[in-house]
Amino acid sequence: MSKKISIEFEYEFYDSLKGLSKTDQELIIASRKAAKKAYSPYSNFHVGSAVLLDNKKVITGNNQENVAFSDGTCAERTALFYARAQYPNSAIEKIAISAYSNNFKLSKPISPCGSCRQVLAEYEHIQSFPIEILLASNYDEVYKIKGATQLLPLLFYEKNLQENN
Ligand code: THU
């Protein structure tokens, strides 16, 4: 027997920050500020992220590059790992991501890379409630995704390491 199975993906589109809550707007602004402090001399592509924890703390991060290219880290993982390292018992409510380039106008939001999705999905899994994702550019468009796992269907997660999961 074989059959086709499809998985739906949906997100909310905002054409301006105005439609978002004050919390979301502030988180996006924090991610934009973080992008300005990125260390990205090789790509000239600056990414910022801001994580909101359930203790209401906001942790920001940005991409950190290195001349040995694979040694760099994305903005999302910089913020997520720092947040987890400092507040291991706090759940992650939201993450906002913004980016701009020195070389061209980036008018559309960017979306996290596969490795960052994997990290987001694991934290979402262990805390048992969704991490909302706000994708923004330096302009007004925002995409809101209800949960990190949506970005990674059929993900490899911690229970896969156990028998009969
Ligand atoms: N980058 C991020 O920080 N986050 C993303 O979601 C995509 C890409 C960084 C990695 C690298 O420093 C630069 O952007 C260009 O790929």
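One-based numbering, in listed order, for ligands and for the atoms of each.
One finds the CG atom of L152 at 11.5 Å from the SG atom of C116 (value rounded to the nearest 0.5 Å).
Within the 4.5 Å cutoff, the side chain of I133 has heavy atoms near those of the L151 side chain. Contact of the I95 side chain with the I131 side chain is registered, since non-hydrogen atoms from C-beta on lie closer than 4.5 Å. I28 places a side-chain heavy atom less than 4.5 Å from the side chain of S98.
With ligand atoms numbered from 1 in the order given, ligand 1 contributes 6 (O) to contacts under 4.0 Å with heavy atoms of S111. Within the listing of ligand 1, atoms 6 (O) sit less than 4.0 angstrom from a heavy atom of C113. Close contacts of ligand 1 with A75, meaning ligand atoms under 4.0 Å from a residue heavy atom, involve 2 (C), 3 (O). Each of the following atoms of ligand 1 lies closer than 4.0 Å to a heavy atom of E76: 2 (C), 3 (O), 4 (N), 5 (C), 6 (O).
The two residues A34 and G61 have their closest heavy-atom pair at CB-O, 3.5 Å.
By the definition of a contact as any protein heavy atom under 4.0 Å away, atom 16 (O) of ligand 1 is not in contact.
In terms of polar-atom proximity, E65 is counted as a contact of ligand 1, with an N or O under 3.5 Å from an N or O of the ligand. An N or O contact shorter than 3.5 Å is missing between S43 and ligand 1 by distance. Backbone and side-chain nitrogen or oxygen atoms of C74 are examined, and none is located within less than 3.5 angstrom of a nitrogen or oxygen of ligand 1. For S40, no nitrogen or oxygen atom sits less than 3.5 Å from a nitrogen or oxygen atom of ligand 1, counting backbone and side chain alike.
Residue-level proximity to ligand 1 for I110 is carried by the side chain, the only part with a heavy atom below 4.0 angstrom. Neither the backbone nor the side chain of A99 has a heavy atom within less than 4.0 Å of ligand 1.
Residue-ligand proximity: P112 is placed with a non-hydrogen atom under 4.0 Å from ligand 1. Distances from ligand 1 to the non-hydrogen atoms of A38 include no value under 4.0 Å.
Aromatic ring centres of F9 and Y11 lie closer together than 6.0 Å.
Ion pairing between E93 and K56 holds under the 4.0 Å rule for side-chain N and carboxylate O. The pair E132-K146 does not count as a salt bridge, with every side-chain nitrogen at least 4.0 angstrom from each carboxylate oxygen.
Considering only non-hydrogen protein atoms, atom 9 (C) of ligand 1 sits nearest to N63 ND2, 3.5 Å.
Looking only at atom types and distance, the side chain of Q64 has no donor-acceptor partner in the side chain of T73 under 3.5 Å away.
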